[in-house]
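Here is the naming used below: chain letters follow the sequence lines, and residue numbers restart at 1 for every chain.
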Amino acid sequence: MGMKLSTRINGHVTSGQIVEVEAYRGDKDEASHSFRGKTKRSEVMFREGGYCYVYLIYGMYHCVNIVTEKEDLGCAVLIRALEPLDGIETMRKRRKLTQSKVHYLTNGPGKLCQALGIDKKLSGEDFLNSSRISLSSYKKIKKSQILSGPRIGITKSTHFNWRFYLKDNPWVSK
DNA sequence: ATTGAGATTGACT
DNA sequence: GTCAATCTCAATA
């Protein structure tokens with residue numbers, strides 16, 4: 001939370017501050033892609049922390065995750081919303097939004113992937129050694145500014161309060 | 001081989 | 001508020 005997520009795709013640099021995330025883990029979490037073991041799609045989730053897991057959701061949109069923890073544990077953090085920073089005009093064109101609707105640039109997991117040009121080709125990239133996608137320090141966030149609640153859009157394991165978001169940040173999805 | 005559900009979004013009533 | 005867009009996976013045959 002508070003870190004900057006950046007991409008460089010075909011020379012276009014875009015980035016945003018992470019303001020909303022959800023945690024997924026390999027055991028005890030029925031909502032996780034890693035819960036039933038490795039598949040061709042979820043293989044990246046079982047690597048050691050630092051890799052980028054991107055998947056296609058509902059056949060239409062992409063979602064980006066940061067793999068965490070040790071190898072074989074299947075834990076990752078889904079990026080759900082960003083506060084736009086660099087390359088806003090590039091993001092607006094990718095999202096096909098008019099100036100009056102830039103508010104909707106990156107306030108959702110599918111939206112931010114479209115804005116930053118993230119798709120399945122970036123799944124498996126190493127955040128620490130990639131020329132196309134990276135993370136960097138941006139803002140120090142106080143714990144008191146981070147709120148939590150149930151994860152959005154899932155029907156299993158809804159009792160875990162593993163959605164985290166910045167208090168009063170206008171870019172949060174809901 | 002077929003079917004139904006899913007970590008979403010935008011268009012429409 | 002409803003619904004369709006259409007890829008991946010697991011369950012069924």
Side-chain angles (χ1 to χ4, degrees), chain A residues 1 3 5 7 9 14 16-69 72-84 88 90-125 127 133 135 146-166 169-174:
Chain A
M1 201 68 94
M3 289 191 80
L5 174 67
T7 59
I9 310 292
T14 50
Q17 181 198 186
I18 298 172
V19 299
E20 179 183 354
V21 299
E22 282 177 3
Y24 288 84
R25 55 182 290 166
D27 64 331
K28 298 187 282 193
D29 184 4
E30 291 190 79
S32 176
H33 289 171
S34 53
F35 181 70
R36 288 164 189 82
K38 274 186 203 178
T39 64
K40 187 181 175 187
R41 176 178 66 166
S42 69
E43 166 271 320
V44 176
M45 270 190 89
F46 291 88
R47 298 188 194 175
E48 63 182 330
Y51 283 92
C52 173
Y53 171 48
V54 182
Y55 65 90
L56 189 59
I57 183 72
Y58 296 112
M60 298 279 297
Y61 297 95
H62 294 273
C63 293
V64 62
N65 296 250
I66 301 164
V67 177
T68 60
E69 308 300 330
D72 293 328
L73 292 185
C75 298
V77 169
L78 168 72
I79 310 302
R80 283 198 58 91
L82 300 174
E83 177 171 331
I88 290 177
T90 298
M91 293 195 266
R92 191 185 65 76
K93 284 175 183 164
R94 285 182 181 144
R95 295 272 297 119
K96 304 189 195 304
L97 294 178
T98 58
Q99 290 290 353
S100 62
K101 295 193 173 176
V102 288
H103 183 70
Y104 300 108
L105 263 187
T106 54
N107 63 333
K111 298 175 190 177
L112 88 254
C113 282
Q114 194 174 48
L116 270 63
I118 296 170
D119 63 21
K120 282 192 299 180
K121 294 196 292 289
L122 291 183
S123 197
E125 287 286 293
F127 275 111
I133 189 164
L135 289 165
I146 300 177
L147 305 183
S148 66
R151 294 174 294 180
I152 292 175
I154 56 169
T155 54
K156 300 171 202 161
S157 294
T158 53
H159 55 293
F160 294 122
N161 290 331
W162 288 347
R163 171 176 176 252
F164 302 91
Y165 55 100
L166 292 191
N169 187 289
W171 298 94
V172 166
S173 68
K174 285 179 185 171

Would a distance-only check, ignoring hydrogens and angles, find a side-chain to backbone donor-acceptor pair under 3.5 Å from [X] to [Y]?
| X | Y | answer |
| --- | --- | --- |
| Asp119(A) | Lys121(A) | yes |
| Ser42(A) | Thr39(A) | yes |
| Glu69(A) | Glu48(A) | no |

Contact between [X] and [Y] at the side-chain level, heavy atoms closer than 4.5 Å - yes or no?
| X | Y | value |
| --- | --- | --- |
| Arg151(A) | Thr158(A) | no |
| Val54(A) | Val44(A) | no |
| Cys52(A) | Val64(A) | yes |
| Ile154(A) | Tyr24(A) | yes |

Worksheet, complete the sentence: Sorted by chain and number, sequence neighbours left out, ring-ring contact (aromatic ring centres under 6.0 Å, His included) with Tyr55(A) holds for His33(A), Tyr53(A)
Item to complete: Strictly below 4.0 Å, heavy-atom distances to any atom of DNA chain C: list the hits from residues 41-58 of chain A, or just say none.
Response: Arg41(A), Leu56(A), Tyr58(A)
Worksheet item: How does DNA chain B look in dot-bracket notation if pairs are Watson-Crick or G-U with both distances under 3.5 Å, crossing ones as [ ], other-strand ones as |?
Response: ||||||.|||||.
Worksheet entry | DNA chain B-proximal residues of residues 107-122 of chain A, any heavy atom under 4.0 Å |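 Listed by number, they are Gly108(A), Pro109(A), Gly110(A), Lys111(A).
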Worksheet item: Does any residue of residues 154-163 of chain A have a heavy atom under 4.0 Å from DNA chain B, and if so, which ones, in number order?
Response: Ile154(A), Thr155(A)
Worksheet item: Between the side chains of Thr14(A) and Thr7(A), is a donor N or O closer than 3.5 angstrom to an acceptor N or O?
Response: yes
Worksheet item: Any chance the side chains of Glu20(A) and Ser173(A) put a donor and an acceptor closer than 3.5 Å?
Response: yes
Practice prompt. Tell me, please, the opening and closing nucleotides of DNA chain C, 5' to 3', among those with an atom under 4.0 angstrom from a non-hydrogen atom of chain A.
Written response: dA5(C) to dA10(C)
Worksheet, complete the sentence: With a 4.0 Å cut-off (strictly under) to non-hydrogen atoms of chain A, the first and last hit nts on DNA chain B, 5' to 3', are dG6(B) to dG10(B)
Which donor-acceptor pairs under 3.5 Å do the side chains of residues 103-116 of chain A make with protein atoms, sequence neighbours left out?
residue	atom	partner	partner atom	Å
Thr106(A)	OG1	Leu82(A)	O	2.6
Asn107(A)	OD1	Lys111(A)	NZ	3.2
Gln114(A)	OE1	Arg95(A)	NH1	2.5

Worksheet item: By salt bridge (Lys or Arg N to Asp or Glu O under 4.0 Å), which residues pair with Lys38(A), not counting sequence neighbours?
Response: none
Discussion item. Suppose we screen for salt bridge (Lys or Arg N to Asp or Glu O under 4.0 Å). Which residues come up paired with Arg41(A), at least two apart in sequence or across chains?
Written reply: none
Worksheet item: What pairs with Arg92(A) under side-chain hydrogen bond (donor to acceptor under 3.5 Å, both in side chains), at least two apart in sequence or on another chain?
Response: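 Counting only residues at least two positions away or on another chain, Arg92(A) forms a side-chain hydrogen bond (donor to acceptor under 3.5 Å, both in side chains) with Glu89(A).
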Practice prompt. Mind checking side-chain hydrogen bond (donor to acceptor under 3.5 Å, both in side chains) for Glu43(A) and listing every partner two or more places apart, or none if nothing turns up?
Written response: Arg47(A)
Item to complete: For Tyr51(A) and Gly124(A), work out which heavy atoms get closest and say how close.
Response: CD2-O, 3.4 Å
Fill in: Interatomic distance, Leu78(A) atom CG to Ile66(A) atom CD1 [nearest 0.5 angstrom]
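It is 9.5 Å, given to the nearest 0.5 Å.
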Item to complete: Could you measure between the two C1' atoms, the one in dG1(C) and the one in dA7(B), and give it in whole Å?
Response: 23 Å
